[in-house]
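Bear in mind the structure is a predicted one, so any value in this text is a computation, not a measurement.
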Amino acid sequence: MPQSKLSFIVTAAGKGSRFDNNVPKQFNKINGIPIYIYSLLSINKLKDDSEIFLTINKSVKVEDIESELKKYKLHKVRIVLGSNTRAESVYRAFAAIEVKPSFVVIHDSVRPNFNFGLINNIILEIKNNSGIIVGSKIQDTIKTAKGNSLKGTINRDGMWLAETPQIFKYNALKKCYSNEIDFNSYTDECQLMEENKFKVKIYENLEYNNKITTKKDFDIYKKLLRYV
């Protein structure tokens with residue numbers, strides 16, 4: 001199978017309010033490198049003509065991001081000003097695509113450990129589906145509760161944690177966006193695809209790919225990325 005043309009959308013427009021820091025978490029540094037840069041560097045290693053879009057919050061100085069991108073020789077990354085929701089920020093980046101790719105790859109910048117060298121192997125698994133997402137099987141026992149009172153146990157068979165990257169055929173995602181959309185109604189583009197009756201597969205990720213949400217997550221990546 002010939003290598004597919006890809007457009008990457010890396011999301012970095014969030015405010016990181018749960019991280020308890022004046023600086024959005026994606027701009028904090030690990031080993032002196034901003035967190036969002038790690039994913040861009042991994043994508044940039046691919047030997048193809050992929051487009052890369054980076055969504056940022058309008059409160060962030062574009063010139064500061066441009067300076068960092070230049071520092072790390074990320075010359076083909078295009079900056080897109082995001083919106084109040086992650087969903088609309090992704091849509092704005094999608095709308096900025098000029099040359100139709102085969103697939104659109106969407107990734108959270110605060111998952112800095114993903115190896116994008118795997119991306120073409122993952123794409124091969126899509127086959128007759130409209131997309132594929134990376135995920136991890138839930139291994140822990142799942143409980144329901146009201147307040148601090150346990151109410152029951154959920155069968156974890158078939159339960160997964162959705163992660164990124166999420167990869168979709170360009171035409172399928174475009175069709176989803178052609179409908180009227182409430183950007184507050186879905187939490188990831190896979191849900192948007194599901195609601196539009198497109199079939200999406202899941203690819204089991206065996207590497208650590210948790211999203212940085214809390215200081216604890218940040219401390220884990222400080223140790224993990226020490227050896228990168």
> If only atom types and distance count, is the side chain of Thr144 paired as donor or acceptor with the main-chain N or O of Gly152 below 3.5 Å?
Replying inline: yes

>> Given 3.5 Å as the limit, does a donor-acceptor pair link the side chain of Asn209 with the main chain of Thr164, or not?
In response: yes

> Is there side-chain contact between Glu204 and Ser136, with at least one heavy-atom pair below 4.5 Å?
Replying inline: no

>> Are Phe8 and Ile167 connected into the same hydrophobic cluster when the rule is that any two of I, L, V, M, F, W, Y join if their side-chain heavy atoms are below 4.5 Å apart?
In response: yes

>> Applying a strict under-4.5 Å side-chain criterion to I, L, V, M, F, W and Y, I'd like to know whether Leu40 and Phe27 cluster together.
In response: yes

> Closest heavy-atom contact between Ile9 and Phe94?
Replying inline: CD1-N, 3.7 Å

>> Go through it in stages, so that I can follow the logic: the residues are Phe218 and Lys25, the test is side-chain contact (heavy atoms from CB on, under 4.5 Å), and I'd like the CA-CA distance, side-chain angles, deciding distance and then a yes or no.
In response: CA-CA 9 Å; Phe218 182 74; Lys25 55 194 173 185; over 6 Å; no

> Judged by modelled atom types alone, do Glu207 and Asn115 share a side-chain donor-acceptor pair under 3.5 Å?
Replying inline: no

> Of the non-hydrogen atoms in Lys58 and Leu81, which two are nearest, and what is the gap between them?
Replying inline: CA-CD2, 4.2 Å

> Does Ala12 offer a backbone N or O that forms a donor-acceptor pair with the side chain of Gln26 under 3.5 Å?
Replying inline: yes

> What is the distance from atom CG of Leu192 to atom OG of Ser185, rounded to the nearest 0.5 Å?
Replying inline: 7.5 Å

> What distance do Phe103 atom CZ and Ile122 atom CD1 have between them, rounded to the nearest 0.5 Å?
Replying inline: 12.0 Å

>> Is the ring pair Phe116/Phe114 parallel, tilted or perpendicular, if the boundaries are 30 and 60 degrees?
In response: perpendicular

> Would you say the side-chain atoms of Lys201 pair up with the backbone N or O of Glu125, donor to acceptor, closer than 3.5 Å?
Replying inline: yes

>> Under a 3.5 Å distance rule, please check whether Arg78 uses its side chain to pair with a backbone N or O of Leu54 as donor and acceptor.
In response: no

> So do the side chains of Ile30 and Ile35 get within less than 4.5 Å of each other, counting heavy atoms only?
Replying inline: yes

>> Would you call the rings of Tyr91 and Tyr177 parallel, tilted or perpendicular, taking 30° and 60° as the class edges?
In response: perpendicular

>> Does Tyr186 form a side chain to side chain donor-acceptor pair (under 3.5 Å) with Glu194? I'd like the steps, not just the answer.
In response: CA-CA 10 Å; Tyr186 61 93; Glu194 293 163 1; over 6 Å; no

> To the nearest 0.5 Å, what is the distance between OG (Ser89) and CZ (Phe53)?
Replying inline: 14.0 Å

>> Whether the side chain of Asp217 engages the backbone of Thr213 through a donor-acceptor N/O pair (distance < 3.5 Å, no angle test) should be reported.
In response: yes

> After noting the C-alpha distance and the side-chain angles of Lys143 and Thr153, does the key distance pass the side chain to side chain donor-acceptor pair (under 3.5 Å) rule?
Replying inline: CA-CA 4 Å; Lys143 299 288 186 181; Thr153 302; 2.7 Å; yes

>> Please check this pair: side chain of Glu163 against backbone of Val134, looking for a donor-acceptor N/O pair closer than 3.5 Å.
In response: no

> Do the side chains of Leu6 and Val10 join up, straight or via other hydrophobic residues, at under 4.5 Å, putting them in one cluster?
Replying inline: yes

> Can you tell me if Ser83 uses its side chain to pair, donor with acceptor, with the backbone of Glu88 under 3.5 Å?
Replying inline: no

>> Grouping I, L, V, M, F, W and Y whenever their side-chain heavy atoms are under 4.5 Å apart, do Ile212 and Leu161 come out in a common cluster?
In response: no

> What's the shortest heavy-atom distance between Pro112 and Leu225, and which atoms?
Replying inline: CG-CD1, 4.0 Å

> Do Asp108 and Arg111 meet the salt-bridge criterion of a basic N to acidic O distance under 4.0 Å?
Replying inline: yes

> Are Tyr72 and Tyr38 linked, directly or through other ILVMFWY residues, by side chains that come within less than 4.5 angstrom of each other?
Replying inline: yes

>> Could you walk me through whether Lys100 and Asn171 satisfy the side chain to side chain donor-acceptor pair (under 3.5 Å) test, starting with their C-alpha distance in whole Å, then the side-chain angles of each, then the deciding distance to 0.1 Å, before giving a yes or no?
In response: CA-CA 9 Å; Lys100 173 186 169 183; Asn171 286 338; 3.3 Å; yes

> If you measure from CG on Asn44 to OG on Ser50, what distance do you get to the nearest 0.5 Å?
Replying inline: 10.0 Å

>> I'd like to know if the side chain of Ser178 and the backbone of Lys175 have a donor-acceptor N/O pair within less than 3.5 Å.
In response: yes

> Taking all atoms of both residues into account, what is the closest heavy-atom pair of Arg86 and Thr187, and its distance?
Replying inline: NH1-O, 4.2 Å

> Atom OG of Ser130 and atom NZ of Lys197: how far apart are they, to the nearest 0.5 Å?
Replying inline: 13.5 Å

> Which atom pair, heavy atoms only, marks the closest approach of Met193 to Ala172?
Replying inline: CE-CB, 3.7 Å

> Can you tell me if Asn128 and Lys199 form a side-chain donor-acceptor pair at under 3.5 Å?
Replying inline: no

> Looking at Ile123, Ile132, Ile126, which one forms a side chain to side chain contact (heavy atoms under 4.5 Å, CB included) with Lys169?
Replying inline: Ile126

>> Can you confirm if the aromatic rings of Phe198 and Phe168 lie within a centre distance of less than 6.0 Å?
In response: no

